[in-house]
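Working notes for the structure below.
Position 1 is the first residue of the sequence; numbering continues from there.
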Amino acid sequence: MSDSADAQFDFGPFTLHPRSRLLLKSGEPVTLGGRSFDLLAALVQRPGCVISKRDLLAEVWPDIIVEDGSLRFHMANLRRTLGDGADGARYIATQVGVGYAFVAEVTRTLRGQVAAQEDVAPLAVSGPAEDAQGRLPPRIRVIGRENDLLVVLSAIESPGLLTIVGPGGVGKTTLVVEAGYRMSLQTGRKPCFVDLAQVEDPALVPSALAAALGIRVHGDDPLSVLIASLRGDSPCMLVDNCEHLVTDVAATVERIRIEVPGARLLATSREPLRVHGEAVHWLESLEYPAEATVNSTEELLRIAAVQLFVERARSANIALKLDTEELCLIADMCRRLEGMALPIELAAVRVATHGVRDTHRHLGQHLSLGWTGRRTASERQQTLRATLDWSHALLSPVEALALERLSVFVGPFSYSGAACVIADGAIDERTAISILDALVLKGLVAISRGSGIAPFRLLEMTRAYAGEKLRARGDEEVEATARRHALHCGEMLDGIRQTSAGGIEFAEELPTQLGNIRAALDWSFGPAGDLDIAIPLTKHSACLLMHQSLLVEARKRCERALDRLAGDFVGSTYEMELRAIHGLALMFTCGNSPAAEVALRRALEVAASLGERWHELRILGMLQIFHERTGDFHSSLAWSRRAVEVAEGVNEPEARAVAASLAGVSHHLLGDQARARRELEFALAHSQPFNFVKTVLYGFDHRNRAGIALARVLWLQGLSEEARKLACEVEAEAAALNHPVTHCIALMWAATVHIWSGDLLAAAECLERLQERAEVNGFGPYLSAGRGLGGSLGIRQGRPREAVHRIETSLSELQAARYELLTTSLEISLIEGLLLSGREAEALETVQRTMQRCERDGDGFALPELLRIKGNILRKLNPRSAAAEETFQEGLACARRNSARAWELRLALDLARLWLETGRNTEVAALLRPFRGDLRQGTDTTDLGDLEMLWQRAGDGPGKAAAV
């Protein structure tokens, strides 16, 4: 030390004279206490070397025993005096748990001569290494990482370098520590653990590795000393948290790997080291529950993220008990936290003290970046904010700005999307792409490999943090970023192409962008928004929402746009689409309100004025079903006739098929089954195969609707087996189409075919599926219809009292929604229920009122059935009255005119019963014989079973037919 005592040391603006105990700053003396001066002298005379706390205490306090607190106090005072950290100046670095090093550039002058400049030597350890250095951290139970452990342990069986890469908080450290323990148990080889999170200066990396291995370095080239000490050995080193020192770590481990061939190196980082021979294992988040796929407690507890949450919560509170509802809330939190281990553990610790419901509620309000975790965790992992602060601090200013701008994305995004949002006047798109790639490598932008055009996303915790940082930059930056994002969403949706036949085409990945589109819509209608962006965005997004069967949202989005419609948008294709979708969505979600009709009529007017013939045909289909649903069958037929005229103008087979399906349904409901069958069979013969995007804009699938209507027509014409077979086929096809409205139509009408046929089990299954579909999609009218048809089923099952109440409630709900399509069918069941309950007078009054309405509105398909029921009521009220027979005869004539052979059979059966009571057996045989000859289908149906029984009672059974 004699040379040093005579020396002068210059660093920054300071000059230190150890012998004179003088410190100058720019030539002026600096007041410094004695112990602080001794600390400075000890550090400056060994620049770049880490001096252990024990050695510093021994040197500065040689004669007394003091605590570490005294050292920390004087070190803090020394740093304040030097201005350490101010304006980028760095003098003293801390290696946590080891000691301190002087890291500024030092020039030493000895006896008046200028010595060579001393570069700061990368960390050299003075004195013996502390016992804790290199030991594995405490072991905690690892959940859901068995496959990853197998990969890691297999990789480090042989010498080489494996880097575990993943975002902060995913569980890299936990994995590498567990791998270290297992390797130690399996092989007896004790790995050396190095946590570089405690090393701030890149130059200290080699000495940190040396210290962990217990290698004493006294020279100024610790890496050479380290390598020389390891040569011929086969050490195993677990180097944790390399991301902030990645360049220097890469250089160090590459040299070790080359010069110590037997070395096994396992590193963790938020980006690959990118050195020769490196193998990379990308650590994904834990498995977490997917949306709406888990149904039981057992299934939930088999999912890794939920297991981790529950175990950590119970460890923090052993008295914690969880019920099924709370476990579902935990599953939802794991889903929102996307299986990331650290935030799950932080939330679990909070559950232990605040409970599941409170934690879930606060997580739903905002991602709580400040929740604290285990005290024994490193400081940067105590909270999510600390973890993200660590990552954010490693970014360049332009990378930090880019990350913050990416927080505007809600869900996945593409290269082009990122470029659009990041790029501005100062950053071009090519640079933006390069920055995105850098953020991916640093683990701040997640990437789903093989996920198509939009593989990137921010984890929710990262997005919440980056969003805070973006807002801190001010409203101008936030609004400019939101505008670029909305413009990008508009460009994406411009890719929706309308075909000449009224369909739409778009990239299959577009539905994954709904989160971004919603955010763009909300901004574009907001205070700083832009209607020139908002209206087109709404029109295209409404098509997408209909495609996804999100009718309620489509309706609300259209309403907001229509309220602000002005200028050139009025009378444009934008208005046409917005009004058509608004009317259609209103009809299926809220009922057949006047507002829905107004919207559809205006859409039709605009389509006609623009000469959009296909769209005109499409909207006519909506109006036809609208009036069909309101029970105005005459208007429904009128719209279908106009559709036929428009289809002739289009002059394409598909257009004529659409128009024929509309006409066929109208004729079926009006009662002309023969004409309905011709139209519907033509529609099926000339319809194109199912096209989902076309179905979206029509509102339902015309081909499927024609098929289910034809099944009803076939049953009415006496072809029961064909009808039931077709109903099942069409319903199965509708289920496969994944279009809820079409499926609800098919289920509802298929159920009526099964009820008519007496196949009550099949009917019950249809109605159960109808209720599920309607409830999931918020189709109020279909929910009420399903309940009413359930009442019809109850009548058939012999439960009239309960069924009557159910039907009455359903009718009330449907009438409030102006949904009258099923009114006649439900009133028929209601009348039958009243009759079974002995309420004949009410039944007669109801049947007469129903018949009057049917004659007024054109609801003629069930008129023969109503006449049959009326005849039975009259017969029950007055068995000797001729009115019953006259009513049956009137019904038979009506059924023949309508080609409704099934209704005709039912009327014939009831008339036969009446005649058998008066001994008119011969007339009964003559009445029933034609039906036995041509109604050979559906021998298991109720009506044909009754036919055979009455035939036997008439005395014209097998062997006697010739005599009659």
Salt bridge Arg849-Glu827, side-chain N to carboxylate O under 4.0 Å | no

Going by the side-chain contact (heavy atoms from CB on, under 4.5 Å) test, name the single residue among Ile625, Leu623, Leu586 that passes it with Leu600.
-> Leu623

Does Asp946 pair with Arg906 as a salt bridge, N-O distance under 4.0 Å?
-> no

Does a salt bridge link Glu885 with Arg920, judged by any charged N lying under 4.0 Å from a carboxylate O?
-> yes

Are the charged groups of Arg868 and Glu904 less than 4.0 angstrom apart, N to O?
-> no

ring-ring contact (aromatic ring centres under 6.0 Å, His included) involving Phe861 - partner list, sequence neighbours excluded = His668

Is Arg629 salt-bridged to Glu820, going by a charged N under 4.0 Å from an acidic O?
-> no

Give a yes or no on whether a salt bridge exists between Glu731 and Arg769, defined as a side-chain N under 4.0 angstrom from a carboxylate O.
-> yes

Lys/Arg-Asp/Glu bridge criterion (N-O < 4.0 Å) met for Lys725, Glu722 | no

Do Arg675 and Phe682 meet the cation-pi criteria used here (NZ or CZ under 6.0 Å from the six-membered ring centre, within 45° of the axis)?
-> no

Is the number of heavy atoms from other residues, nucleotides or ligands within 6.0 Å of NE2 (His805) greater than 12?
-> no

Test: Arg613 and Glu652 ion pair at under 4.0 Å = no

Proximity of Trp749 and Trp715 rings by center, below 6.0 Å | no

Identify whether the distance between the nearest side-chain nitrogen and carboxylate oxygen of Arg642 and Glu645 falls below 4.0 Å.
-> no

